[in-house]
Amino acid sequence: EEVNLAEKEIPVAAETLIINGPKSAFAENELYKIDQFIMGGGNAMFFVDSYNEQISGYQQPTYTPVHTGLEKLLSKYGIEVGSEYVLDETCFVRVDQQYGKLNFYHVPRIQKDCLDQKNPVAKNLGDVFFLESFELDSSKAKENKDVKVSVLAKTSPRAWTVPVTEGFMLHPLYFSVPSEEEKLSSRELCVLAEGN
């Protein structure tokens, strides 16, 4: 059931609230309703992007920062959403007639060893692609003894992030794996936080 938070309350019988890819800011009272729902024991799933990619015809895409206010709410719960795209050496690959093998680093391929095999959400998954993702930092949530944090999906150990700069475009010909090993590490992409 769709809920317009500007006009309605979250139904009392609702068990889970799904916020799927918002592109505009939530009003303070809408964020308050979400927070109260979670504080009252409700479940919430957030699918959030730090940038909105807009493609118009054959023109170069534009990337607009997305500020919804959810960043502040998630931060309160100890989850920080990064503002740089995650790229991974283990990624979607396509063979092109003109260019040969193309590595779509911005589409990390999350294999079984990078999925939480103990959690029912991820244990039966074996190969998942995360298109245009942003890194999550759950370190503050992990410090809270009343919260259990599970990293449901993370990249391979050979992932890195790239900032959005002028002329930026997510295209396989524009990126290569950094030669500096210290730039490569596993990145959290999907996190579950449970508890008080």
Side-chain angles (χ1 to χ4, degrees), residues 1-3 10-11 13-23 34-35 37-53 66 68 70-71 73-82 84-95 101-162 170 172 175 177 184-196:
E1 176 185 342
E2 187 173 331
V3 178
I10 299 169
E15 292 180 20
T16 304
L17 179 66
I18 300 172
I19 300 177
N20 190 9
K23 301 293 183 233
I34 296 167
D35 187 44
F37 175 75
I38 295 169
M39 297 284 285
N43 303 304
M45 295 177 69
F46 299 92
F47 298 94
V48 294
D49 294 312
S50 294
Y51 279 86
N52 184 25
E53 179 185 40
V66 175
T68 62
L70 291 173
E71 306 85 11
L73 181 64
L74 292 170
S75 181
K76 172 185 164 187
Y77 288 107
I79 308 291
E80 302 291 337
V81 180
E84 296 184 352
Y85 282 99
V86 173
L87 280 66
D88 194 343
E89 189 173 42
T90 302
C91 62
F92 174 74
V93 177
R94 188 179 91 198
V95 177
K101 180 182 169 187
L102 289 174
N103 293 308
F104 285 72
Y105 296 120
H106 61 283
V107 187
R109 180 180 181 187
I110 312 304
Q111 296 175 308
K112 199 169 191 83
D113 61 332
C114 292
L115 295 162
D116 185 349
Q117 296 302 302
K118 295 177 186 167
N119 193 288
V121 173
K123 75 177 183 178
N124 292 319
L125 300 175
D127 220 10
V128 181
F129 292 98
F130 274 70
L131 176 66
E132 300 178 15
S133 297
F134 301 90
E135 181 178 17
L136 299 175
D137 179 357
S138 63
S139 57
K140 289 182 183 170
K142 290 174 185 171
E143 292 171 5
N144 184 340
K145 62 180 176 44
D146 295 325
V147 176
K148 177 187 173 195
V149 177
S150 304
V151 178
L152 300 179
K154 62 185 178 182
T155 66
S156 81
R158 297 191 51 83
W160 68 102
T161 60
V162 293
L170 288 169
F175 299 106
V177 179
L184 301 173
S185 65
S186 184
R187 313 298 172 127
E188 297 177 359
L189 298 179
C190 183
V191 173
L192 172 64
E194 304 171 90
N196 299 323

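No hydrogens, no waters, no symmetry mates; every other heavy atom, side chains included, goes into these values. Just so we're clear, the structure is a prediction, and the values are computed from it rather than from any experiment.
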Pairs satisfying salt bridge (Lys or Arg N to Asp or Glu O under 4.0 Å), at least one member in residues 146-155, at least two apart:
none
Between the CD1 atom in I19 and the CZ atom in F47, the distance rounded to the nearest 0.5 Å is 10.5 Å
For the residue pair S133 and L189, what are the closest heavy atoms and their distance?
CB-CD2, 3.8 Å
Ionic contact status for E89 with R187, cut-off 4.0 Å:
no
Apply the test side chain to side chain contact (heavy atoms under 4.5 Å, CB included) to residues L17 and N43: give CA-CA distance (whole Å), side-chain angles for both, the deciding distance (0.1 Å), then the verdict.
CA-CA 6 Å; L17 179 66; N43 303 304; over 6 Å; no
Examine the side chains of S75 and E80 and answer whether a donor and an acceptor come within less than 3.5 Å of each other.
yes
Rounded to the nearest 0.5 Å, how far does OG1 of T161 lie from CD of E135?
6.0 Å
Which heavy-atom pair separates F134 from V48 by the least distance, and what is that distance?
CD1-O, 4.5 Å
Heavy-atom check, side chain of L87 versus side chain of P108, under 4.5 Å:
no
Can you list every pair that meets salt bridge (Lys or Arg N to Asp or Glu O under 4.0 Å) and has a residue in residues 104-128, with sequence neighbours left out?
R109-D127
Heavy-atom nearest pair, Q117 first then L125, reads NE2-O, 4.0 Å
Give the minimum heavy-atom separation between Y77 and D35, together with the two atoms involved.
OH-OD1, 2.6 Å
Stepwise side chain to side chain contact (heavy atoms under 4.5 Å, CB included) test for F104 and V93:
CA-CA 6 Å; F104 285 72; V93 177; over 6 Å; no
Is a side-chain donor-acceptor pair under 3.5 Å present for T90 with Q111?
no
OG1 of T68 to CZ of F46, rounded to nearest 0.5 Å, is 9.0 Å
Indicate whether the side chain of Y85 and that of D49 have a donor and an acceptor atom separated by less than 3.5 Å.
no
So which pairs with a foot in residues 137-159 pass ring pair (Phe, Tyr, Trp, His ring centres under 6.0 Å), sequence neighbours left out?
none
At what distance, to the nearest 0.5 angstrom, does SG of C114 lie from CG of L152?
13.0 Å
Side-chain heavy atoms of S138 within contact of I79, under 4.5 Å
yes
Crowding at NZ, K140 (>12 non-hydrogen neighbours, <6.0 Å)
no
Salt bridge (charged side-chain N to carboxylate O under 4.0 Å, His left out) for K142 and E188? Distances and angles first, verdict last.
CA-CA 13 Å; K142 290 174 185 171; E188 297 177 359; 2.9 Å; yes
Side chain to side chain contact (heavy atoms under 4.5 Å, CB included) for L73 and I34? Distances and angles first, verdict last.
CA-CA 9 Å; L73 181 64; I34 296 167; 3.5 Å; yes
How many angstroms lie between atom NE2 of H106 and atom CZ of F92, to the nearest 0.5 angstrom?
9.5 Å
Considering non-hydrogen atoms only, spot the tightest contact between N52 and V66 and give its length.
N-CG2, 3.5 Å
Residue of the set D88, V86, T155, L184 for which side chain to side chain contact (heavy atoms under 4.5 Å, CB included) holds with W160:
L184
Side chain proximity check, V81 to L74, heavy atoms < 4.5 angstrom
yes
Has the side chain of S50 got a donor or acceptor atom that lies under 3.5 Å from a matching backbone atom of G82?
yes
For a 4.5 angstrom cut-off between non-hydrogen side-chain atoms, does V177 reach Y105?
yes
Roughly how far apart are L102 CG and C91 SG, rounded to 0.5 Å?
10.0 Å
Using the side chain to side chain contact (heavy atoms under 4.5 Å, CB included) rule, take N119 and L192 through it: C-alpha gap first, then chi angles, then the decisive distance, then the call.
CA-CA 10 Å; N119 193 288; L192 172 64; 3.4 Å; yes
